[in-house]
Amino acid sequence: MSNPREYILEQAKLFVRAELQDDGSGHDWWHIVRVTRTACLLAMIEGANVYICELAALLHDIADEKLNASKEAGIDKVNTWLVEAGVEADEQEHVLDIISSMSFGNNSSEPLPTLEGRIVQDADRLDAIGAIGIARTFTYSGWKGQAIYDPELRPRESFTKSEYRNGRSTSINHFYEKLLKLKSMMNTDGARILAEERHDVMKRYLWAFDSEWGLANESYIEESLRFHRNIKRLHIVFDASTLGSLRFALQDHEGEIPVMLEDNLMIGPLPKEHSPQSTNLRLRWFCDRFSNSEERDSWMERLMRASFDWEALPRQFAKYPIVIWAGDSAPEQCGLRRFVANVARDADIQVINATKILNNDRCQYIKTGEIPQHKLVTLLDQGEALSVNEKEKLAYDWHCLTSESTMLRVLIDGELQNVPESYFDHKILEAAFKLGAINGHYCKSARIIGEVIGYTEQSVTDSFIEYRVRELISEGMLQVEGEQRAMRYYSISLTERGLSEVVTMDNPSSLSFVKVKEVLESLVEMHFEQEHLIGELRMLLKNDMLLKRETEGEHIQVQQIIERYQDQSKERGQLLEGLAAEVQRYYM
Ligand code: NI
């Protein structure tokens with residue numbers, strides 16, 4: 001081989017592959033391959049000696065205790081190999097330095113002395129985090145015979161080297177004891193950037209793990225690591241979008257923990273406490289109505305989870321100071337009432353009504369979940385403590401809501417009220433009318449649903465409006481074109497009956513307005529067509545007349561007539577605009 005360094009690297013690969021062939025602890029040959037690739041990349045970026053990085057990365061786990069009688073014996077083995085492979089003396093020393101300081105657990109704040117050493121260490125640490133890090137953690141734990149997670153074994157805050165190696169721990173604890181700390185220990189900028197995303201992957205994973213662990217768990221708070229630290233306040237939210245924003249808003253607030261009790265209590269029969277039948281009734285109500293909907297499974301998952309969470313969690317939460325995020329929307333206000341009704345009157349509860357605090361003439365939020373994170377942060381100290389009287393009132397409200405058997409609740413003038421589930425039907429028919437879905441013209445159902453949601457001040461979901469659209473179709477108010485099973489892709493139009501509903505209600509002149517609008521639109525269309533034609537005529541004549549110089553007099557005259565015509569046309573355009581505006585004002 002022409003290049004001795006290449007030859008040495010090839011020999012190193014053969015040697016390492018043979019040594020680590022049978023490793024089952026996550027330190028196998030492919031770990032070495034990944035670390036080596038990352039080390040070479042970082043070496044390029046940092047301008048380090050790529051050859052030293054590659055060689056050290058290949059050999060970095062050879063001295064490991066698992067493969068050798070002792071660490072010293074392991075270092076000797078690497079040394080012997082380096083000598084026999086014919087590596088230059090100074091390079092031998094450099095590689096050996098890197099490997100021995102890495103093997104002797106140089107996890108202290110002291111960085112490795114050479115850039116190449118710092119790079120190989122970064123590459124090894126990067127392979128311990130992220131998606132691959134998660135996989136390796138469970139492999140290693142399994143290899144050591146540890147449990148996935150044991151709530152009785154808490155992560156250790158600090159430990160000696162031998163405690164770390166030999167003490168009892170679990171895979172999940174390993175994330176807290178070591179892996180989540182690695183991001184801040186990276187030596188090079190390149191590694192820091194790569195670590196960022198991998199760190200987030202682990203955090204998302206741990207969040208999902210915790211959430212699955214919490215399912216139907218009566219001891220969730222005692223068992224979950226999320227609560228095993230100084231809790232200043234628990235922030236209760238009622239939907240995923242608020243949870244997302246608040247998680248972000250609270251990330252630098254130690255001890256302020258967001259938790260979600262998710263169930264859109266605005267819709268459907270309300271569950272009664274300690275009544276499994278009412279839970280089943282609620283599930284069936286949703287199942288029947290949304291069984292053809294694309295969103296059915298996500299509804300069902302949320303409901304199943306919520307039915308247990310609501311039973312078990314409020315009382316567990318209420319041992320801590322509570323902040324309830326309840327804006328002026330029916331789902332949040334229902335959630336607030338249900339929560340308060342479920343905990344002792346002496347519970348320490350504050351309420352932050354973010355929509356009330358932030359809404360003004362320029363901006364109107366319909367629910368907390370719409371508010372950007374940076375605005376939520378500013379509200380953290382604006383909670384208002386609930387007095388015993390207020391708690392009594394909220395609990396009584398909940399009692400009243402659950403004792404009636406209506407299927408929908410909305411906020412009217414700030415008051416939560418039970419209403420018939422057909423509450424939005426008129427709005428749907430009106431939206432269809434407004435968008436011209438009449439007389440055989442069809443309009444996409446999604447557009448009409450969007451129109452209803454866009455103009456209502458209620459925090460209603462599109463799946464509920466969609467359900468009402470289907471009801472209106474079966475009642476003969478709307479007709480449908482296209483595959484109705486594919487929920488979002490069919491179009492609808494008002495039937496005669498649907499049309500008479502809209503027109504006879506509070507809008508008798510609507511029908512003639514549609515005709516007037518049609519005529520106006522044709523007029524505007526004709527106007528633009530004329531403008532276009534006269535422009536075209538002008539161009540044609542101009543070209544021809546340029547060729548015949550002797551007709552200059554006629555040329556000028558034609559130009560003048562066209563100009564007068566165009567001036568008048570412009571004026572007519574303005575008149576049309578004014579007319580349309582006046583007509584609009586008249587009918588609105
Ligand atoms: Ni390694």
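Atoms within a ligand are numbered from 1 in the order they appear, just like the ligands themselves. We number each residue from 1, following the sequence as shown. Worth saying up front: this structure is predicted, and the values here are computed from it rather than measured. Only this structure's heavy atoms are used, side chains among them; waters, hydrogens and symmetry mates stay out.
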Under 3.5 Å, which donor-acceptor pairs do the side chains of residues 256-267 form with other protein atoms, sequence neighbours left out?
residue	atom	partner	partner atom	Å
Glu256	OE1	Arg233	NE	2.9
Glu256	OE1	Arg233	NH2	3.3
Glu256	OE1	His235	NE2	2.5
Glu256	OE2	Arg233	NE	3.4
Asp263	OD1	Arg282	NH2	2.6
Asp263	OD2	Arg282	NE	3.3
Asn264	OD1	Met266	N	3.1

- Note: Glu46-Arg118 ion pair, threshold 4.0 Å (strictly below): no
- Sequence neighbours left out, what passes salt bridge (charged side-chain N to carboxylate O under 4.0 Å, His left out) with Arg247? Give chain and number order. none
- Give me the protein N, O or S atoms that fall under 2.8 Å of the Ni ion (ligand 1), sorted by chain and residue number. His31 NE2, His60 NE2, Asp61 OD2, Asp124 OD1
- Item | Side-chain donor or acceptor of Asp122 paired with backbone N/O of Thr188 under 3.5 Å | yes
- In chain order, what residues pass the salt bridge (charged side-chain N to carboxylate O under 4.0 Å, His left out) check against Glu197, with sequence neighbours excluded? Arg204
- Message: Checking side-chain contact (heavy atoms from CB on, under 4.5 Å) between Ile99 and each of Leu59, Ile62, Asp64, which is the one that passes?
- Response: Leu59
